[in-house]
Amino acid sequence: MKKWMTFSLLVVLTATMAGCFGTEPDTMPSKESSKMIDGQQTQTQSSTTQSSPASQSPKPDPAAVADGKYETKLLFSEQLEILIPKGFKDKSSKTGEVIYKDKSEEVTIRIHHDPEQSTTDQDVARSLQKLAAIMKQNYTDAKLLREEVIKVNGRQLIVVEADSKDKYAMTSWGVLNGEFLEIEITCPVKKKAEWQSVANDLVNSIKMK
């Protein structure tokens, strides 16, 4: 009888301790759940970074504009206004994309408008890291020089600059009439010193109606 009572008391004490200090294994997150939670946290932090206020972009070089270095182009039913260096020829071959090249055809300005791809300023601002990743993928051994959300004449754009072994490139994404807009300026990396400031002037000249 004493042994039975002692055993019963031990069982009750063990159950009580388990209730106070134990955890239920089924409620612990799995490794996969932990990875997913970490991913969600990373995405939240990334979105916060990408949605930071846009910096005000400077105006195109006044001296270059005054010297007649550029001419104004109205594109896509005059919805987009942009400066293009004089002497560049229109090499466009398809609807929705305008391409200008210099005489050597080594410097290219490509302006792409996709009416079927609806987007917003917020969508574009959140795509900064995506554009940077695309630049790294498109250009071998690309070194990112600039990743920025800017405001040009009241409109928000993202800009990524990069150079690689062979190419210098500046790409900008924006919204034209609620639709996707891309401006890309490229040249041989050996001509970067000459064309980097021009690329900035072109992007900073953009006006959208």
If every non-hydrogen atom of [X] is compared with every non-hydrogen atom of [Y], which pair is closest and at what distance?
X: Ala125; Y: Gln156; answer: CB-NE2, 3.4 Å
X: Leu80; Y: Ile111; answer: CD2-CG2, 3.8 Å
X: Ile206; Y: Asn153; answer: O-ND2, 2.8 Å
X: Leu202; Y: Ile82; answer: O-CG1, 3.6 Å
X: Trp195; Y: Pro85; answer: CZ3-CG, 4.1 Å
X: Glu147; Y: Ala132; answer: OE1-CB, 3.5 Å

Going by heavy atoms in the side chains, are [X] and [Y] under 4.5 Å from each other?
X: Tyr70; Y: Lys86; answer: no
X: Met170; Y: Asn200; answer: yes
X: Thr108; Y: Ile99; answer: yes
X: Val107; Y: Tyr100; answer: no

Quick one: side chains of residues 174-186, donor-acceptor pairs under 3.5 Å with protein atoms, not counting sequence neighbours, listed by atom name and distance.
from, atom 1, to, atom 2, distance (Å)
Asn177, ND2, Gln79, OE1, 3.2
Glu179, OE1, His113, NE2, 2.8
Glu182, OE1, Arg110, NH2, 2.7
Glu182, OE2, Trp173, NE1, 3.0
Glu184, OE1, Arg110, NE, 3.3
Glu184, OE2, Tyr139, OH, 3.2

- Start with the C-alpha distance between Asp166 and Ser164, add both sets of side-chain angles, then the distance that settles side-chain hydrogen bond (donor to acceptor under 3.5 Å, both in side chains), and finish with yes or no. CA-CA 5 Å; Asp166 302 313; Ser164 63; 5.6 Å; no
Q.
Quick test of your reading: applying salt bridge (charged side-chain N to carboxylate O under 4.0 Å, His left out), list the pairs with at least one residue in residues 114-125, sequence neighbours left out, ordered by first then second residue.
A.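 Every salt bridge (charged side-chain N to carboxylate O under 4.0 Å, His left out) pair that includes a residue of residues 114-125, provided the two are not neighbours, is Asp123-Arg126.
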Worksheet entry | Residues that Lys192 engages under salt bridge (charged side-chain N to carboxylate O under 4.0 Å, His left out), provided they are two or more places apart |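 Lys192: salt bridge (charged side-chain N to carboxylate O under 4.0 Å, His left out) contacts with Asp163.
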Worksheet item: Can you tell me if NZ on Lys101 sees more than 12 non-hydrogen neighbours from other groups inside 6.0 Å?
Response: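 For Lys101, atom NZ is crowded (more than 12 foreign heavy atoms under 6.0 Å).
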State plainly whether the residues Lys209 and Glu78 are in salt-bridge range, i.e. N to O under 4.0 Å.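 Between Glu78 and Lys209 there is no salt bridge, as every charged N stays at least 4.0 Å from the carboxylate O atoms.
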Should Glu105 and Lys103 be marked as a side-chain contact (heavy atoms from CB on, under 4.5 Å) after you check the CA-CA gap, both sets of side-chain angles, and the distance that decides it? CA-CA 5 Å; Glu105 297 202 349; Lys103 291 180 180 179; over 6 Å; no
